[in-house]
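Remarks on the structure that follows.
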2 protein chains.
Amino acid sequence: MSPLDPLCIDTIRMLSADAVQRARSGHPGMPMGAASMAYALWTRFLRHDPRHPDWPDRDRFLLSAGHGSMLLYSLLHLSGYELSRDEIRNFRQWGSRTPGHPEHGLTPGVEVTSGPLGQGFANGVGMAMAERFLAARFNRPGRTIVDHFTYAIVSDGDLMEGISHEAASLAGHLKLGKLIYLYDDNRITIEGATSLAWSDDTRRRFEAYGWHVQQVDGDDLEAVTGAIAHARETLDRPSLIAARTHIGHGSPNRQDSAKAHGEPLGEEELARTKQALGWPLEPAFHVPEEVRAHMGQAVARGEAWEHEWRAGLDAYARAFPADKAEWDLWMSRGLPEGWDEELRAEAEKIDAAGQPMATRAASGRALNLLARKVGNLVGGSADLGPSNNTTLTDHGDFLPGAVEGPNVHFGVREHAMAAAVNGMALHGGVRPYCGTFLVFSDYMRPSLRLAAMSHASGIFIFTHDSIGVGEDGPTHQPIEHLAALRAIPGLVVIRPADARETIEAWQVALRRGGPVALALSRQKLPSLQRTRVRLREETRQAADEAAVALGAYVLSEAAGEAPEVILIATGSEVARWVEAQGRLEAGRVATRVVSMPSWELFEEQPEAYRRFVLPKAVKVRLAVEAAAPFGWERYTLDPRAVIGMTRFGASAPGPVLFEKFGFTADAIAARALALLGRPLPDPQPPIGASR
Amino acid sequence: MSPLDPLCIDTIRMLSADAVQRARSGHPGMPMGAASMAYALWTRFLRHDPRHPDWPDRDRFLLSAGHGSMLLYSLLHLSGYELSRDEIRNFRQWGSRTPGHPEHGLTPGVEVTSGPLGQGFANGVGMAMAERFLAARFNRPGRTIVDHFTYAIVSDGDLMEGISHEAASLAGHLKLGKLIYLYDDNRITIEGATSLAWSDDTRRRFEAYGWHVQQVDGDDLEAVTGAIAHARETLDRPSLIAARTHIGHGSPNRQDSAKAHGEPLGEEELARTKQALGWPLEPAFHVPEEVRAHMGQAVARGEAWEHEWRAGLDAYARAFPADKAEWDLWMSRGLPEGWDEELRAEAEKIDAAGQPMATRAASGRALNLLARKVGNLVGGSADLGPSNNTTLTDHGDFLPGAVEGPNVHFGVREHAMAAAVNGMALHGGVRPYCGTFLVFSDYMRPSLRLAAMSHASGIFIFTHDSIGVGEDGPTHQPIEHLAALRAIPGLVVIRPADARETIEAWQVALRRGGPVALALSRQKLPSLQRTRVRLREETRQAADEAAVALGAYVLSEAAGEAPEVILIATGSEVARWVEAQGRLEAGRVATRVVSMPSWELFEEQPEAYRRFVLPKAVKVRLAVEAAAPFGWERYTLDPRAVIGMTRFGASAPGPVLFEKFGFTADAIAARALALLGRPLPDPQPPIGASR
């Protein structure tokens with residue numbers, strides 16, 4: 001306890017209010033209300049090193065209530081992070097490191113990008129899971145190198161969102177005792193009092209999840225301190241500390257009102273607040289020297305901690321050099337020597353065998369082969385493990401209170417699963433993945449978006465990727481999902497066409513920084529023999545290794561002459577294209593088939609390569625995908641030249657649906673001929689499925 | 001209690017198991033396990049009329065665990081709905097009315113499309129809200145015409161999904177006492193025992209939401225009956241009856257195992273099950289005569305109920321003819337005479353005033369004007385009412401336990417909000433709407449998809465529709481969302497360009513069946529004077545009334561000659577296009593500006609009209625939208641001719657962002673000239689934002 005505590009807390013409040021005022025936009029109320037408890041956490045518990053924000057064993061702090069970003073920026077600034085007073089003054093301005101909501105990668109010390117409610121809450125669960133996995137892998141008796149807490153400040157908005165249920169239920173089930181959340185219980189939301197819309201008994205709710213719940217006065221520094229200490233001792237359950245706070249604390253006319261939430265106090269009210277708190281009216285952004293000195297002790301304290309930890313790591317390295325080497329590899333996101341050798345061999349074997357295989361099955365094989373070499377793959381499915389082929393069969397489970405292996409049972413919780421994967425990825429050290437049906441990617445979109453925005457390298461395995469789902473019907477058949485995923489900037493979507501492409505997709509996914517989504521078939525697909533592949537000299541080697549890495553490639557070149565028609569397809573439709581090529585060539589139409597597993601990877605290629613695959617001269621390009629045709633005109637340059645699904649699917653066996661909806665070699669060939677102006681009668685007109 | 005009860009229950013079980021076996025796919029375990037409790041509900045409580053499945057005051061029954069569709073089909077078939085034995089035999093086949101998961105609109109008696117977990121759970125909350133709203137509006141002392149329960153069977157999967165938290169919390173808050181859910185507590189999920197992933201104390205959790213919770217043996221018919229009776233008497237809270245059941249009940253080797261969940265029993269095990277239950281091995285789909293007679297009593301019972309209700313309605317009509325007329329109007333989805341007169345007048349007024357206005361503000365005005373005439377608008381926002389302009393300012397709130405008006409405080413629960421809107425829409429009688437930021441449409445996508453699939457006519461108000469959000473930064477700025485919404489078949493997306501287009505969008509939304517999404521600006525937009533509009537003769541009148549209804553129209557025709565360039569834009573970018581037109585015409589480039597508020601509406605127009613707006617002869621068409629360019633090649637036929645956002649946004653004032661990302665009249669004009677092969681120097685190159 002320091003006599004400076006109240007002054008420090010008021011500094012946080014006033015820095016935040018000043019910054020919002022200067023920006024003429026933002027959220028002053030939350031930082032003012034939560035300043036005390038955040039101060040208690042940051043100065044009395046949080047093990048962090050402002051000069052080494054990447055110290056692997058730091059405690060993680062997440063501001064799930066990201067709209068209160070100025071609270072975090074004030075804490076970072078006052079604790080000695082590389083976040084200057086000018087940055088605080090430039091809050092919410094172009095080019096600043098102090099955006100409206102915290103952005104990971106932009107601001108040192110910001111662990112996750114937050115703001116969309118509930119995301120930080122669930123990211124923290126992933127962080128605690130990563131910590132537990134790494135601790136189980138590396139710690140030895142007397143040689144602990146992984147041992148940190150994950151803290152967050154969460155808001156009523158976070159707790160109202162459904163994802164908080166999924167994440168809290170998962171955390172309670174897994175008994176993540178080193179997860180400690182401070183709930184900023186200010187009882188105000190945008191529309192007014194939380195009681196307008198919310199009557200939950202939050203204590204009871206979290207106890208139902210198996211959490212340890214405490215209730216305190218959030219302005220009582222010692223009470224908050226006691227509660228955090230108690231939470232740290234309660235290692236068999238996650239902890240929620242419900243701290244009663246007052247939004248806009250200190251503002252005479254706005255405290256405890258919805259107006260304090262999302263707009264500046266206004267010059268007058270800001271002045272009144274400063275007067276009420278005994279704060280100098282001028283200058284704005286005032287930081288008393290003694291506050292700077294006091295809170296700046298975080299630097300020395302952090303360096304001592306980090307130094308002590310590093311000494312421990314050195315000792316660990318001497319005792320367990322092989323483990324230390326693996327630690328270094330994992331922490332640097334490296335891959336071990338020969339990590340994909342078995343994958344390549346498998347691809348050859350599958351090619352040689354030529355047996356049909358579902359790409360989800362090939363994915364499961366690839367994942368299991370990878371796991372032999374890459375020890376930090378951690379993941380599972382939202383209760384569809386047997387269908388998604390996500391289980392590492394030679395490995396144990398990530399159990400409540402114990403890590404016997406990397407297999408996580410996420411439960412029917414797609415949203416929290418994705419957000420936890422983001423948390424694991426941003427924690428570092430592990431390579432997380434997860435699975436569900438492609439149609440349920442909708443349940444996790446807010447987290448997929450943040451994965452892309454924060455370059456979190458999770459791998460999202462989406463199986464059952466089309467009407468090939470069959471009898472389960474339209475509720476389970478993705479239509480718009482490929483388009484909707486491709487529209488997200490920075491997300492790489494790969495839809496492989498056979499087992500070999502699937503294996504190559506995994507190679508890409510492991511090498512890549514940032515999130516990758518795989519769209520995989522439920523049904524068996526033929527093995528595409530790459531006998532007529534045509535490669536460009538410069539890309540030959542890359543393509544031999546992994547044609548998928550190019551995004552698109554000439555899978556089967558026109559026989560003899562230059563192509564008149566290019567057939568473009570992805571995934572399960574590629575084989576039909578090759579069949580259609582046969583039909584067309586029998587009718588003397590020189591036809592090239594392009595397999596295009598990934599738009600995003602293709603767009604990254606040099607223009608020369610893109611022109612090689614899709615030469616300008618070939619005007620008739622027909623795309624097929626058993627999905628919404630949305631977006632394909634980018635490559636066909638003709639809306640008529642897309643065969644896709646313009647309606648929802650239906651419940652019937654998959655092969656029936658492909659036939660009824662016009663995905664047959666005959667229908668494709670007929671469409672190509674029509675586009676060439678050489679129509680043939682179409683024996684089976686599709687049922688409103690194509691255009 | 002009837003001595004036939006056990007036989008009836010076994011009939012449900014065996015019909016379900018036979019159908020799954022014949023289809024060679026499906027979920028036998030749930031129907032077998034839940035047959036007893038479903039039978040108790042359907043034969044002892046459910047007020048329904050198999051011959052009039054649209055009877056407005058019927059009890060609603062929702063199978064949230066939609067994978068158990070054969071349970072519902074068996075009940076419908078045996079109760080005398082128009083669902084024949086052949087349909088049961090054709091389970092999951094092309095063209096049948098018995099798809100893999102229940103589909104509303106396809107099968108009589110199916111209230112909602114379910115299967116994606118958690119959706120039915122939340123739909124039911126909307127149904128109960130609609131019932132309460134209508135009861136408050138129409139019932140009079142001694143003249144009750146609205147008084148029904150909403151029942152559902154929900155599964156562990158439903159309860160694990162986040163949406164169940166949001167919906168249960170909302171239902172508890174609103175004290176929806178006529179909502180009664182049977183929880184099929186079979187403790188098995190796809191990966192195995194629910195305990196693998198789930199440790200919730202469900203009773204405690206639901207009590208925390210303010211629910212009345214009972215626990216019973218789901219196979220004990222009398223216990224279930226008692227619990228339902230008790231739930232019906234508990235009108236101050238929603239009820240959850242946790243019924244312990246056994247998945248695959250009766251199957252000697254599969255009961256209580258995950259294998260019973262999602263695959264046929266197999267011929268052998270099916271035979272063993274029949275033997276164990278004392279059931280004849282042949283024929284399949286056996287329905288004992290006495291069962292058919294007993295369960296078929298539902299028809300007479302239902303007709304009596306419906307008849308009695310109709311007599312009550314007649315008496316009501318005599319006592320309250322005006323109310324009865326409104327009842328008829330609401331039930332037939334009609335609109336009152338002159339419903340949009342004030343809207344039209346407002347559009348004229350706004351046009352004349354020519355003042356800039358945010359389209360969200362115009363939407364709020366439209367909604368409030370509509371509510372003066374259209375009394376069954378019910379809705380609100382997910383805690384963003386003041387921002388979404390969704391509040392009906394002259395009306396009261398939808399309160400816990402009482403309806404003082406139509407304004408719902410949904411809380412920070414986007415997903416449950418959307419699903420509740422679907423439930424209200426499918427209940428009938430009300431016209432539901434809801435609002436949030438466009439970026440958070442991601443949180444509700446599974447429900448938006450089901451709205452489209454089941455033609456549920458909710459109106460989704462998405463404000464803050466671009467980087468115009470400004471300082472809140474990339475987490476709050478939609479980029480991919482317009483594309484992702486447009487990709488959903490059957491969802492109409494409208495992004496109006498000014499106040500007048502916004503008003504017209506509301507006219508379209510009210511007239512339309514099926515869901516409509518409005519994308520609205522946060523920032524003020526200039527009023528587009530339609531002085532240079534060019535209309536086609538046939539569409540002149542329609543366009544005069546509501547150009548938006550055409551999806552796209554020539555807002556500002558090229559001066560003098562035929563256009564060389566067409567500039568296409570939506571929403572906030574249209575005004576910039578008109579500015580750019582001025583620049584281009586100053587440089588003697590004949591330029592047409594097309595406002596395209598809705599792709600879907602445009603695609604519905606006759607080809608002649610589409611060609612009129614976008615003539616083939618004009619090859620240079622430049623589209624601009626402050627969103628992902630994804631899909632725009634459909635209209636530009638050139639990937640270079642789209643100015644959009646290929647990255648996430650940034651935190652800065654909105655006008656700065658529009659400038660930095662290249663959405664300026666100068667940049668647009670320069671791009672158009674470049675496409676024409678008449679390049680001008682671009683004074684401010686955009687920052688990787690366009691392509």
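To the nearest 0.5 Å, the span separating CZ on A:Phe410 from CE on B:Met160 amounts to 14.0 Å. Atom CD of residue A:Gln119 and atom OG1 of residue B:Thr475 lie 10.5 Å apart, to the nearest 0.5 angstrom. Here A:Arg445 contributes atom CZ and B:Arg445 contributes atom CZ; the two are 4.5 Å apart, rounded to the nearest 0.5 Å. Taken to the nearest 0.5 Å, the OG atom of B:Ser169 stands 11.5 Å off from the NE2 atom of A:His165. Atom CG of residue A:Leu448 and atom CG of residue B:Asp442 lie 8.5 Å apart, to the nearest 0.5 angstrom.
A:Glu166 places a side-chain N or O within donor-acceptor distance of the main-chain N or O of B:Gly162, the cut-off being under 3.5 Å. Checked by atom type and distance alone, the side chain of B:Glu191 pairs as donor or acceptor with a backbone atom of A:Gly385 at under 3.5 Å. Checking side-chain atoms of B:Ser651 against main-chain N and O of A:Gly100 turns up a donor-acceptor pair under 3.5 Å. Under a 3.5 Å cut-off, the side chain of A:Asp383 and the backbone N or O of B:Ile190 do form a donor-acceptor pair. The backbone N or O of A:Asp472 sits less than 3.5 Å from a side-chain atom of B:His101, completing a donor-acceptor pair. Put simply, the side chain of A:Tyr443 gets close to the backbone of B:Leu117: a donor and an acceptor are under 3.5 Å apart. Judged by distance alone, the side chain of B:His409 and the main-chain N or O of A:Ser195 form no donor-acceptor pair under 3.5 Å.
Heavy-atom distances place both the backbone and the side chain of A:Arg486 under 4.5 Å from chain B. Both the backbone and the side chain of A:Ala483 come within contact range of chain B, with heavy atoms under 4.5 Å apart. For chain B, no part of A:Glu603 is nearby; none of its heavy atoms comes within less than 4.5 Å. Heavy atoms closer than 4.5 Å to chain A are found nowhere in B:His67, neither backbone nor side chain. Both the backbone and the side chain of B:Ala452 have a heavy atom closer than 4.5 Å to some heavy atom of chain A. Looking at A:Ser25, only its side chain comes within 4.5 Å of chain B, counting heavy atoms on both sides. In this structure, the portion of A:His481 lying under 4.5 Å from any heavy atom of chain B is its side chain and not its backbone. Heavy-atom distances place the side chain of B:Ser164, and not its backbone, under 4.5 Å from chain A. In this structure, chain A has heavy atoms under 4.5 Å from both the backbone and the side chain of B:Tyr209. Interface remark: A:Leu450 contributes side-chain atoms only to the contact with chain B (heavy atom separation under 4.5 Å).
Note on A:Ala652, A:Gly118, A:Ala197: by heavy-atom pairs under 4.5 Å with chain B, the leading option is A:Ala197. Interface summary for chain B: among A:Asp158, A:Leu174, A:Leu384, the most heavy-atom pairs under 4.5 angstrom belong to A:Leu384. Among A:Gln93, A:His415, A:Met453, the residue making the largest number of heavy-atom pairs under 4.5 Å with chain B is A:Met453. The candidate from A:Val656, A:Ile479, A:Leu485 with the greatest count of non-hydrogen atom pairs under 4.5 Å with chain B is A:Ile479. By number of non-hydrogen pairs under 4.5 angstrom with chain B, the leading residue of A:Ala484, A:Pro99, A:Pro446, A:Gly473 is A:Pro446. Interface check for chain A: of the options B:Ala628, B:Ala416, B:Ser381, B:Gly192, the most heavy-atom pairs under 4.5 Å are formed by B:Ser381. Per-residue counts of heavy-atom pairs under 4.5 Å with chain A were compared for B:Ser387, B:Gly95, B:Gly26, B:Pro474; the largest is that of B:Pro474. Considering only heavy-atom pairs separated by less than 4.5 Å from chain B, the leading option among A:Leu106, A:Asn90, A:Asp200 is A:Asp200.
Contact between A:Pro639 and B:Arg634 at its shortest, heavy atoms only, is CG-O, 3.7 Å. Here the closest non-hydrogen pair linking A:Val412 and B:Glu161 is CG1-OE2, 3.2 Å. Closest approach of B:Pro489 and A:Phe648 over heavy atoms only: O-CE1, 3.3 Å.
Ring-centre distance between B:Phe661 and A:Trp94: below the 6.0 Å cut-off. Aromatic pair B:Trp599/A:Phe630: ring centres closer than 6.0 Å.
Evaluation of the side chain to side chain donor-acceptor pair (under 3.5 Å) rule for B:Thr636 yields no partner, not counting sequence neighbours.
Salt bridge present: A:Glu480 and B:Arg449 bring a charged side-chain N and a carboxylate O closer than 4.0 Å. For the pair B:Glu471 and A:Arg92, the salt-bridge criterion is not met [side-chain N within less than 4.0 Å of a carboxylate O]. Salt bridge status for B:Arg204 with A:Glu207: present, with a side-chain N to carboxylate O gap under 4.0 Å.
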Test side-chain contact (heavy atoms from CB on, under 4.5 Å) on B:Trp198 and A:Arg413 and set out the steps.
-> CA-CA 10 Å; B:Trp198 203 36; A:Arg413 305 181 180 108; 3.1 Å; yes

